[in-house]
Amino acid sequence: MAMRAIMLGLAILSADASAQRATIDDVDPLIGTGGEGHTFPGAVAPFGMVQLSPDTDTGCELRTCYGHAAGYRYDDPTIQGFSHTHFSGAGHSDLGDLLVMPVSGDEVPMDPGTPAAPGYRSPFRHATEEVRPGYYAVTLDRPGVRAELTAGTRVGVHRYAFPAGKSAHLVVDLRSSLYNYPGKILWSGLRLRPDGTLTGFRETRGWAPGRKFFFAMRFSAPLVTHALVNRETEIAYKGFQGPGRGSDAVAERLGRALEARLDFGTLDRPLEVKVAISGVDEAGAIANLDSEPGGFDAVRDRTRAAWTRALGAVEMEGAAPMRRMVATALYHSLLAPSVWSDSDGRYRGPDDQVHRAQGFTFRSTFSLWDTFRAEHPLLTLIQPEKVNAEIVQSLIASRADSPDGILPVWQFHGRETWTMIGYHAVPVIADAYMKGIRGFDADAALDAMVASARYAPYGGLGEYMKRGYVPIDREPEAASKTVEYAYDDWAIARMAAAMGRRDITADFERRAGNWHNSFDAKTGFLRARKADGSWRVPFDPTAINYGSDYTEGNAWQYSWFVPQDQAGLFRTMGGDKAVVAKLDRMFDYDNSKLDYSHAEDIAGLIGQYIHGNEPSHHVAYLYSYAGQPWRTQERLKQIVESQYKPGPDGLSGNDDLGQMSAWLAFTALGFYPVTPGTNQYVIGRPFVSRAVLNLPNGKRFTMTADGLGDADRYVGSVLLNGAKLTRGFIRHEEILAGGTLEFRMTAKPNRTWAVAAKDRPYSMSR
């Protein structure tokens with residue numbers, strides 16, 4: 001009996017320790033670095049401008065870069081160097097600016113070589129890696145150097161411990177880039193200044209055209225010798241030249257293939273290298289360098305504290321693997337949109353001109369086709385001050401700076417890529433406004449939203465406004481564009497109505513119903529029509545081809561994209577029973593005779609449900625709209641268990657700047673924003689036993705899951721602040737008020753909870 005009491009006491013202590021564990025301690029930045037997650041493991045501050053991370057391979061061209069979109073891939077055996085800019089989980093590669101690599105000994109190779117015949121690249125072992133928020137370390141076997149990385153908001157700091165008695169060198173390679181191909185580097189420059197600061201720039205033609213990047217670099221030890229080398233024959237360049245040679249320059253080199261060899265002799269202590277970047281000019285990079293004082297330890301400690309605060313917005317209890325996945329999902333959700341203005345407020349905008357942000361920090365890296373769904377709604381809960389003071393204002397400023405006068409589509413480093421479809425900055429702004437988030441000019445925001453929706457040259461919008469749908473013989477991916485435009489139009493109508501702008505409301509409420517014009521009730525699928533009104537044939541709902549009727553998907557996924565009016569869609573499909581049967585056919589579809597190997601972004605298949613790409617992300621929750629929430633609960637368990645793992649291959653598809661992660665973060669808490677702009681979260685089922693949202697207004701919203709376990713997988717009942725909740729959704733205002741959402745889990749489904757029409761989530765035509 002005494003032994004049993006002791007064991008029980010130890011179990012209680014263990015549970016208490018778990019409950020007190022900080023969210024930051026469960027984060028594993030290696031999750032998603034294998035498979036097709038495309039995340040990076042390196043050092044970054046919350047929303048930091050610098051993402052200092054190892055690159056395991058940059059020797060790719062065009063579409064072959066897909067697997068190395070984040071620079072680092074877990075199964076690669078060598079590290080080429082450490083660069084300062086990276087995307088987290090993008091489906092396209094770019095960045096990898098300013099590669100630095102330590103070299104020891106007498107010979108200093110100036111080319112990376114290959115894994116089989118390495119130059120300055122080095123083998124490494126995962127056993128030597130230390131990875132946590134704001135910090136990365138690894139031992140480089142070839143030079144015998146222990147490398148450590150940390151980052152602040154606009155700075156990155158390296159620390160290299162070289163072998164005793166061997167000379168220390170750095171190779172700085174401005175040729176290296178992700179999405180590398182001949183002619184990408186348009187021009188670059190290096191300048192060594194009298195105080196030992198190395199500055200430079202480069203202009204690239206990659207995913208974003210004409211992108212300008214500047215840096216400043218200082219060292220904790222003096223240079224002994226150096227060489228600034230142009231690996232290409234000197235040529236004249238008539239475009240952007242960068243700074244001219246100044247009287248203070250010790251040495252300067254211009255060209256398209258520049259490297260620096262920096263020699264420090266033998267060192268008796270680790271070498272620290274502090275780097276700041278800018279999109280404006282070298283002076284901006286120097287000012288950014290000065291804006292964050294201190295060396296490696298000081299920057300690391302500040303960033304650790306910043307991550308502790310940011311991640312502390314959510315506290316969790318539950319099984320260790322799930323805590324690890326959800327904590328890391330929260331971490332990945334706090335990487336973008338990243339800071340892009342300098343410490344003095346200047347930034348380079350979509351027009352390639354320098355502007356100054358007044359009273360806010362300008363942000364870029366907007367993967368809006370992905371992130372409007374859950375990433376941005378998550379930020380309205382856990383980082384609303386960033387939404388009102390920085391994200392929305394940055395979107396409005398980008399529209400003001402845009403030569404086309406519209407909101408960003410897929411923007412990074414201030415430059416527009418025109419990637420993906422829709423005008424999905426609109427629901428980001430509308431969702432913030434509808435949730436009471438202010439601190440921005442609402443009239444200017446609405447004007448920007450309307451201007452984007454009426455910009456006829458963009459994506460077939462002229463045809464859409466004329467016909468009520470996008471015709472496939474005039475514009476590719478027409479079926480997808482029609483329904484995505486209709487949802488964005490609904491979001492405009494919602495915000496305009498809340499602002500009392502009746503003229504705008506009426507027009508965009510009408511446009512919000514345009515999804516009807518591309519839905520074929522006879523086949524039960526969304527389809528592409530021609531300008532003459534006929535359906536395009538032949539029609540295969542499983543076909544996925546880029547540039548065809550759909551965007552990164554097919555009719556199975558896109559036929560469900562009417563988030564503003566699921567009730568109207570369900571009536572068109574034949575009613576609730578028909579909808580549930582069709583959802584089941586989607587999840588249970590036999591794909592054995594289909595080949596999607598040509599489609600890079602099609603991953604994480606469960607039948608024709610594709611969790612590795614965004615058009616499917618809301619679909620499991622649609623059973624609740626059809627009056628069968630227990631089926632949503634079943635599908636969510638199936639998705640979480642098959643699509644997420646607590647390891648490098650832990651994401652079934654690209655994280656897409658936090659969207660895959662935000663889906664898990666919401667779902668683990670027990671609810672999800674199917675339709676941003678409604679202020680509703682559809683209740684699913686929780687995957688952690690307890691969670692607390694520490695809200696910026698000082699209140700706490702607690703979720704508990706009594707009896708959560710593999711056997712008790714269904715929601716038996718839900719209580720909100722002690723009162724039974726009969727509806728299948730909760731409101732944003734109820735969360736902000738603080739309180740408790742209690743799930744009582746059972747082994748059998750409750751087929752009577754939240755089934756009545758009045759208890760189902762919002763639909764515009766209900």
Side-chain angles (χ1 to χ4, degrees), residues 35-38 62-63 65-67 69-70 87-94 179 207 366-375 409-412 417-424 427 458-460 470 472 475-488 515 518 525-528 536 539-563 586 589 591 594-620 639 643 651-663:
E36 300 304 334
H38 294 184
L62 300 178
R63 290 177 71 86
C65 295
Y66 180 78
F87 294 128
S88 180
H92 199 299
S93 61
D94 208 310
Y179 196 42
W207 184 14
F366 287 105
S367 180
L368 292 161
W369 182 82
D370 307 287
T371 57
F372 82 87
R373 305 164 198 265
E375 158 71 8
V409 176
W410 210 127
Q411 180 201 91
F412 71 94
T417 69
W418 301 108
T419 302
M420 307 312 295
I421 66 171
Y423 27 100
H424 294 312
Y458 171 69
V470 180
I472 191 62
E475 181 73 18
E477 303 175 5
S480 295
K481 289 175 181 176
T482 296
V483 292
E484 294 201 21
Y485 293 166
Y487 166 67
D488 291 343
W515 65 269
S518 285
F525 286 102
L526 180 76
R527 294 181 61 183
R536 177 148 85 164
F539 171 64
D540 177 0
T542 67
I544 295 176
N545 294 293
Y546 289 112
S548 66
D549 299 4
Y550 310 95
T551 301
E552 293 187 2
N554 62 26
W556 272 108
Q557 293 96 53
Y558 261 100
S559 294
W560 303 104
F561 191 80
V562 190
M586 180 186 192
Y589 196 95
N591 294 322
L594 299 176
D595 181 9
Y596 292 149
S597 60
H598 64 286
E600 290 175 337
D601 286 298
I602 307 306
L605 275 73
I606 305 174
Q608 282 293 305
Y609 175 90
I610 302 177
H611 193 72
N613 209 20
E614 278 66 28
S616 289
H617 274 194
H618 68 297
V619 173
I639 294 167
Q643 306 298 304
L651 295 173
S652 61
N654 311 149
D655 197 44
D656 283 315
L657 282 298
Q659 170 58 28
M660 284 280 287
S661 288
W663 186 95

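Sequential numbering from 1 along the given sequence is applied to the chain's residues.
Within the 3.5 Å criterion, the main-chain N or O of Gly607 finds a donor-acceptor partner in the side chain of Asn591. Without hydrogens or angle criteria, Thr371 side chain to Gln659 main chain gives no donor-acceptor distance under 3.5 Å. Of the possible polar contacts, none joining the Arg536 side chain to the Arg527 backbone as a donor-acceptor pair under 3.5 Å is found. With hydrogens and angles ignored, the 3.5 Å screen pairs a side-chain donor or acceptor of Ser548 with a backbone N or O of Asn545. Although no hydrogens or angles enter the test, the distance criterion places no donor-acceptor pair under 3.5 Å between the side chain of Ser518 and the main chain of Leu526. Proximity of a side-chain donor or acceptor of Glu36 to a complementary backbone N or O of Leu651 within less than 3.5 Å is not detected. A donor-acceptor pair is defined here as one N or O able to donate and one able to accept, closer than 3.5 Å; no such pair exists between the side chain of Ser652 and the backbone of Gly604. Without hydrogens or angle criteria, His598 side chain to Ile544 main chain gives a donor-acceptor distance under 3.5 Å. In this structure, Ser616 contributes its side chain and Ile610 its backbone to a donor-acceptor pair below 3.5 Å. Side-chain atoms of His617 come within 3.5 Å of backbone N or O of His611 as a donor-acceptor pair.
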Hey, mind stepping through Thr551 and Tyr558 against side chain to side chain contact (heavy atoms under 4.5 Å, CB included) and telling me if it holds?
CA-CA 9 Å; Thr551 301; Tyr558 261 100; 3.8 Å; yes
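A distance of 6.0 Å or more separates the ring centres of Trp556 and Tyr609. A ring-centre distance under 6.0 Å is not found for Tyr550 and Phe561.
Partners of Thr417 according to the side chain to side chain contact (heavy atoms under 4.5 Å, CB included) rule, which considers only residues two or more places apart in sequence or in another chain, are Trp207, Ala208, Trp410, Phe412, Thr419. Among residues two or more places apart in sequence or in another chain, the side-chain hydrogen bond (donor to acceptor under 3.5 Å, both in side chains) test is passed with Asn654 by His38, Tyr66.
The heavy-atom pair separating Glu477 from Ile472 by the smallest distance is N-CD1, 3.8 Å. Taking both residues in full, the closest heavy atoms of Ala620 and Ile639 are given as CB-CD1, 3.7 Å, listed atom of the first, atom of the second, then distance. The nearest pair of heavy atoms linking Pro427 to Tyr423 is CD-O, 3.8 Å. Between Ser367 and Asp656, the closest heavy-atom pair is OG-O, 4.5 Å. Of all heavy-atom pairs between Glu552 and Ile602, the closest is O-CD1, 3.7 Å. Heavy atoms only, all atoms of each residue included: Gln557 and Met586 are closest at CA-CE, 3.9 Å.
A heavy-atom distance below 4.5 Å is found between the side chains of Trp418 and Tyr458. A 4.5 Å side-chain heavy-atom check between Leu594 and Gln608 finds at least one atom pair inside the cut-off.
Here the straight-line distance linking atom CG of Asn613 with atom CG of Asp370 works out to 7.5 Å at 0.5 Å rounding.
Between Arg373 and Glu614 there is no salt bridge, since no side-chain N of the basic residue sits under 4.0 Å from a carboxylate O of the acidic one.
In this model, a donor atom of one side chain and an acceptor atom of the other lie less than 3.5 Å apart for Ser661 and Asp655.
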